[in-house]
Protein chains: 2
Amino acid sequence: MLSRTSQYAIRALAYLAMRERGHWVLTRQIAAALDIPSPFLAKVLQTLAVAGILESQRGRNGGFRLVRNPDRLPLFDIVEAFDKLGPGRLCVLGQKVCSDETACPLHHTWKHSLNSFRHRLQTTTLTELSQHPNALGFPSPKPIADAVAPDFHKAG
Amino acid sequence: MLSRTSQYAIRALAYLAMRERGHWVLTRQIAAALDIPSPFLAKVLQTLAVAGILESQRGRNGGFRLVRNPDRLPLFDIVEAFDKLGPGRLCVLGQKVCSDETACPLHHTWKHSLNSFRHRLQTTTLTELSQHPNALGFPSPKPIADAVAPDFHKAG
DNA sequence: AGAAAAAAAGACATCCATATCGAAAAGTCC
DNA sequence: GGACTTTTCGATATGGATGTCTTTTTTTCT
């Protein structure tokens, strides 16, 4: 339903929303904290930068940070950068002709389920998600502190 | 959501439910009528035979036919032969720990959508599906007659 | 018995999402 | 300016779903 790429994006942004005070966070740091392959996450973050959700800073003390306030960022915007969930995009039976008029036998049920899920993505903000106790995939927010690089404090 | 393999299976069985009077139907014939790659469909049908949904007959005048009355065949049984939709199987955020107790932020919404869809699959029979005007992926049942091999009539 | 027809079975090819690697470009700090 | 750090970019590898091809086995017809 959601590709792994979307899942990585959501978790990485939730992580950023927790730490974000306007300073830059390294790909490496996020990857270590969330147990995501670092080179792959780099591309995910880059896509999010192109999509206008993140901004990037190269060079020493660079990294990524959120552009908008996470209050203003619906999960749908994140997912849409990777998986197209637009209405009428996909027929659950894989039929080429499947619209409200020429519906496949499962069209209406499927449309209802998909709409319900899409609505949830549109109305849930990144802030709400990141406040959930299990937002990152493990119960405790403990690992965050451990993942911070030694010279990160010096810079902040 | 449904793999293409499941989609092929559903459409092929709908086709059989329409023609079924107890005689055998060729893979080739189904594949031609539904525009599915014939060798691939052969494997799909074979899996359905192992699952006890179809029975097969080798040799001349052989083919496949339904075991049960399609009235007694919920779509869920078809899908389950290929895609595991069992409850608690998959977390939409891809988290390893995600149950009713340790839920991910989208767990409940997702569970609701999935349950709703699964319920529809469990309560819809193959007969109901095949009676839908667009069951096969194209509006008219016309192509069926054309797809019948010349010497098929002789045998029937 | 022999030929033909069809499913069964397995080897192989292709495609795409995922993942990895290395080099280039850009920025920072001394 | 030069060393270093980090993103950016492109090439490449991998695994699973999908698709193709060939051989074997079983059955029927003549």
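Letters go in sequence order (proteins before strands), and every chain restarts at 1. Below, each value reflects all heavy atoms present in this structure, side chains not excepted, and no hydrogens, waters or symmetry copies.
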Interatomic spacing from [atom1] in [X] to [atom2] in [Y] - rounded to 0.5 Å:
{"X": "B/Gln95", "Y": "A/Leu34", "atom1": "CD", "atom2": "CG", "value": "10.0 Å"}
{"X": "A/Leu54", "Y": "A/Arg68", "atom1": "CG", "atom2": "CZ", "value": "10.0 Å"}
{"X": "A/Arg11", "Y": "A/Gln7", "atom1": "CZ", "atom2": "CD", "value": "8.5 Å"}
{"X": "B/Thr5", "Y": "B/Lys43", "atom1": "OG1", "atom2": "NZ", "value": "11.0 Å"}

Output the rounded distance in Å from [atom1] ([X]) to [atom2] ([N]).
{"X": "A/Ile30", "N": "D/dT6", "atom1": "CD1", "atom2": "P", "result": "13 Å"}
{"X": "B/Leu41", "N": "C/dA8", "atom1": "CG", "atom2": "P", "result": "12 Å"}
{"X": "B/Gln57", "N": "C/dA6", "atom1": "CD", "atom2": "P", "result": "12 Å"}
{"X": "B/Lys43", "N": "D/dG16", "atom1": "NZ", "atom2": "C1'", "result": "14 Å"}
{"X": "A/Leu26", "N": "C/dT28", "atom1": "CG", "atom2": "P", "result": "14 Å"}
{"X": "B/Glu55", "N": "D/dT26", "atom1": "CD", "atom2": "C1'", "result": "16 Å"}
{"X": "A/Arg60", "N": "D/dT6", "atom1": "CZ", "atom2": "P", "result": "8 Å"}
{"X": "A/Arg58", "N": "D/dT7", "atom1": "CZ", "atom2": "P", "result": "10 Å"}

Respond yes when some side-chain nitrogen or oxygen of [X] is under 4.0 Å from OP1 or OP2 of [N], and no when none is.
{"X": "B/Ser56", "N": "C/dA8", "result": "yes"}
{"X": "B/Tyr8", "N": "D/dG19", "result": "yes"}
{"X": "B/Thr5", "N": "D/dT18", "result": "yes"}

So B/Ile36 and B/Tyr15, do their side chains get closer than 4.5 Å, heavy atoms only?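 Sidechains of B/Ile36 and B/Tyr15: no contact.
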What I'd like to find out is whether the side chain of B/Trp24 reaches to under 4.5 Å of the side chain of B/Phe64, using heavy atoms alone.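 Result no, sub-4.5 Å side-chain heavy-atom pair not found.
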Nucleotide nearest [X] (side chain, heavy atoms from C-beta), chosen from [options]:
{"X": "A/Arg28", "options": "C/dA7, D/dT7, D/dT6", "result": "D/dT6"}
{"X": "A/Gln46", "options": "C/dT20, D/dT20, D/dC9", "result": "D/dC9"}
{"X": "A/Asn61", "options": "C/dA7, C/dA19, C/dT28", "result": "C/dT28"}

Spell out, as yes or no, whether a donor-acceptor pair under 3.5 Å connects the side chain of B/Glu128 to the backbone of B/Thr125.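 A pair under 3.5 Å: yes.
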Can you tell me if A/Ser130 uses its side chain to pair, donor with acceptor, with the backbone of A/Thr127 under 3.5 Å?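 Yes, A/Ser130 side chain to A/Thr127 backbone: donor-acceptor pair under 3.5 Å.
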Considering heavy-atom distances to DNA chain D, does A/Val50 or A/Gly59 have its closest nucleotide positioned more toward the 5' end?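 First, find each residue's nearest nucleotide; the 5'-ward one identifies A/Gly59.
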For A/Gly62 and A/Arg4, take the nucleotide of DNA chain C holding the closest heavy atom to each; which residue's nucleotide lies nearer the 5' end?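 Closer to the 5' end of DNA chain C: A/Arg4.
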State, to the nearest 10°, the angle formed by the axis through the first five base pairs of the helix from C/dA1-D/dT30 to C/dC30-D/dG1 and the axis through its last five.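 Rounded to the nearest 10 degrees, the bend comes out at 10°.
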Any base atoms under 4.0 Å from B/Phe82, or only sugar-phosphate, or nothing? Heavy atoms, all strands.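 Nothing: the residue B/Phe82, judged by heavy atoms under 4.0 Å, touches no strand.
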Mind checking B/Pro37 for me? I need base, sugar-phosphate or nothing, with any heavy atom below 4.0 Å counting as a touch.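 Sugar-phosphate only.
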